[in-house]
Amino acid sequence: MSKKVGTQEDKEVKKARISFANLPRGKKIALSTLGLLAAGGSALAITLHRSVYAELELHPPSYPWSHGGFLSSLDHASVRRGYQVYKEVCAACHSMEYLAFRNLVGVTHTEEQAKALAEEIEVLDGPDENGEMFTRPGKLSDYFPRPYPNSEAARAANNGALPPDLSYIANARHGGEDYIFTLLVGYCDPPAGISLREDLYYNPYFPGQAIGMAPPIYDEAVEFEDGTPATMSQIAKDVCTFLRWSSEPEHDQRKRMGLKALMISALLFPLLYYMKKHRWSVLKSRKIAYKPPQ
C-alpha cells in the first residue's frame with residue numbers, strides 16, 4: 001500500500017516538474033509563435049491607440065518668450081497689461097485668492113495706483129463694536145476678490161464646471177505659459193465625426209478636447225492703457241506673462257541672484273585652482289617617515 005502511494009506521489013511530482021524545455025519541438029514552436037503573435041498584436045494596438053490619441057490631442061509648441069532665457073527678466077509692461085486682461089476678462093470666472101494688491105507694488109503699479117485699485121472693491125469686515133459685520137473699501141493687504149462665494153456656486157454658474165484658481169496656474173499645468181497661450185488661441189470647430197454636447201467647446205490642446213469655457217479673448221477684447229494693439233495673440237501673450245509672474249513672483253530676483261553667484265564663482269575658481277596646485281601640492285606630495293630611536 002505504501003509503495004502504491006509513493007508511486008502516485010512521484011508521478012504527481014514529475015507532472016509538476018514539466019517545463020518548457022521538456023516539451024516536444026512542435027509544441028515549443030507553437031507556443032513561441034503564439035507568444036510572438038500576442039506581443040506583436042499588443043504593440044500594434046498600443047501604437048494605433050497612441051497615433052489616434054495624438055491626432056485628437058495636440059501638445060503646445062515652445063514659444064520664444066522674452067523671459068525664457070537664463071538671465072532674461074520678465075517684461076513688466078506686459079505683466080501690467082496682463083493684469084488688465086485678468087481684471088477685465090478673466091476675473092469674472094477665475095479667482096486669484098493667493099495674490100494681494102500689495103504684490104502689485106513695484107511690479108506693475110506704484111503704491112498709489114495699487115491703493116486706488118484696492119479701493120475699487122468692497123470688502124466684508126468686522127465685527128464692529130456692536131458685533132455686526134460691515135463693508136469697507138479695499139486695502140493693499142486685501143487679496144483679489146473671488147467671483148463666487150464658494151465652489152458650489154461656481155459650479156452652478158458654469159454648468160457644473162469649476163473654473164480653476166489662476167494664482168499658480170502656470171506652474172500647475174504641464175507646458176506652463178506655452179500651454180495657456182495655445183489653449184486661449186486654439187479654439188476651433190470640431191472635426192468630422194466628433195459631436196459635443198451643449199455648452200461645450202472644442203479645443204485640441206485641452207485634455208479630452210471638450211472644454212466648458214467659451215473662447216475668452218478675441219481681437220480688441222480690451223483696450224490697453226499704453227496704446228498697444230489688442231490683437232488676440234497680444235492679449236494671450238500678456239496674460240500668460242502675468243500668470244508666469246503670479247506663479248513665480250521671485251522670477252527676476254532668482255535670476256539676479258544666479259548671475260551674482262556666477263560672477264562670484266568666476267572670481268573664486270581661479271583662486272581655488274591656484275591654492276590646490278601651488279599651496280596644497282606641497283602637503284599632498286610630502287612624505288612622512290617614522291624613524292624609531294636607536
Side-chain angles (χ1 to χ4, degrees), residues 58 60-68 74-99 101 103-104 107-109 113-114 116-118 120-121 138 143-148 153-155 157-159 161-170 172-173 175-190 196 198-207 209-247:
L58 299 179
S62 296
Y63 293 100
W65 297 95
S66 60
H67 56 269
L74 290 167
D75 182 359
H76 286 256
S78 180
V79 175
R80 176 166 179 148
R81 292 193 298 269
Y83 168 74
Q84 182 181 349
V85 175
Y86 166 75
K87 179 182 176 183
E88 298 182 9
V89 179
C90 308
C93 298
H94 295 274
S95 62
M96 296 191 77
E97 58 183 38
Y98 298 105
L99 204 64
F101 289 98
N103 300 127
L104 301 176
V107 179
T108 60
H109 297 75
Q113 292 172 339
L117 291 174
E120 292 178 1
I121 64 171
Y143 288 84
F144 288 2
R146 295 188 298 175
Y148 305 103
R155 291 182 185 276
N158 292 277
N159 299 313
L162 179 62
D165 184 85
L166 299 183
S167 301
Y168 300 103
I169 196 69
R173 295 295 182 268
E177 51 265 54
D178 290 332
Y179 167 75
I180 300 172
F181 181 88
T182 51
L183 181 71
L184 292 175
V185 301
Y187 285 86
C188 59
D189 295 330
L196 302 176
E198 190 178 0
D199 299 325
L200 288 181
Y201 303 87
Y202 183 78
N203 194 314
Y205 297 99
F206 185 75
Q209 296 83 52
I211 184 172
M213 179 177 66
I217 59 175
Y218 49 88
D219 291 340
E220 305 299 332
V222 297
E223 184 178 352
F224 289 127
E225 299 172 352
D226 58 359
T228 302
T231 61
M232 178 187 289
S233 59
Q234 182 68 46
I235 294 172
K237 178 254 185 186
D238 290 335
V239 74
C240 288
T241 306
F242 171 72
L243 294 177
R244 166 50 60 194
W245 167 78
S246 67
S247 299

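Residues Glu198 and Asn159 fail the side-chain proximity criterion, which asks for heavy atoms closer than 4.5 Å. Side-chain contact check for Ile235 versus Leu184: every heavy-atom pair is 4.5 Å or farther apart. No side-chain heavy atom of Pro229 sits less than 4.5 Å from a side-chain heavy atom of Gln234.
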Begin with the C-alpha distance, continue with both residues' side-chain angles, and end with the deciding distance and a verdict on side-chain contact (heavy atoms from CB on, under 4.5 Å) for Arg244 and Leu74.
-> CA-CA 9 Å; Arg244 166 50 60 194; Leu74 290 167; 4.0 Å; yes
Steps toward side-chain contact (heavy atoms from CB on, under 4.5 Å) verdict (Tyr148, Cys93) | CA-CA 8 Å; Tyr148 305 103; Cys93 298; 4.0 Å; yes
Could you go through the ring-ring contact (aromatic ring centres under 6.0 Å, His included) check for Phe181 and Tyr63 one step at a time?
-> CA-CA 9 Å; Phe181 181 88; Tyr63 293 100; 4.9 Å; yes
Dump the intermediate steps for side-chain contact (heavy atoms from CB on, under 4.5 Å) on Leu243 and Glu177, then the final yes or no.
-> CA-CA 8 Å; Leu243 294 177; Glu177 51 265 54; over 6 Å; no
Check the pair Phe242, Leu166 against side-chain contact (heavy atoms from CB on, under 4.5 Å), reporting the backbone distance first and the verdict last.
-> CA-CA 10 Å; Phe242 171 72; Leu166 299 183; over 6 Å; no
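Rounding to the nearest 0.5 Å places OH of Tyr143 at 10.0 Å from CD of Glu97. In this structure, the separation between CE on Met232 and OH on Tyr218 is 10.0 Å, given to the nearest 0.5 Å. Rounding to the nearest 0.5 angstrom, the gap separating the CG atom in Asp199 from the CD1 atom in Ile211 is 13.5 Å. One distance of note links OG1 of Thr108 with CG of Leu117; it measures 8.0 Å at 0.5 Å rounding.
Judged purely by atom type and a 3.5 angstrom limit, Asn203 uses its side chain to pair as donor or acceptor with the backbone of Leu183. The main-chain N or O of Phe224 is never found under 3.5 Å from a side-chain atom of Thr228 such that the two would form a donor-acceptor pair. Not one N or O on the side chain of His67 forms a donor-acceptor pair closer than 3.5 Å with the backbone of Asp75. Ser78 places no side-chain N or O within 3.5 Å of a backbone atom of Thr241 that could act as its donor or acceptor partner. Side-chain atoms of His109 never come within 3.5 Å of backbone atoms of Leu104 as a donor-acceptor pair (strictly under, hydrogens ignored). Proximity of a side-chain donor or acceptor of Ser167 to a complementary backbone N or O of Tyr98 within less than 3.5 Å is detected. Using a distance-only test at 3.5 Å, with no hydrogens or angles considered, a donor-acceptor pair links the side chain of Gln84 to the main chain of Glu223.
Under the 30°/60° scheme for interplanar angles, the aromatic rings of Tyr187 and Tyr201 are found to stand perpendicular.
Between Arg81 and Glu225 there is no salt bridge, since none of the side-chain N atoms of the basic residue sits less than 4.0 Å from a carboxylate O of the acidic one.
The aromatic ring centres of Phe144 and Phe101 sit less than 6.0 Å apart.
Counting only N and O atoms by type, the side chains of Ser95 and Asp165 include a donor and acceptor under 3.5 Å apart. With hydrogens and angles left out, the side-chain atoms of Asp238 and Tyr83 include no donor and acceptor closer than 3.5 Å.
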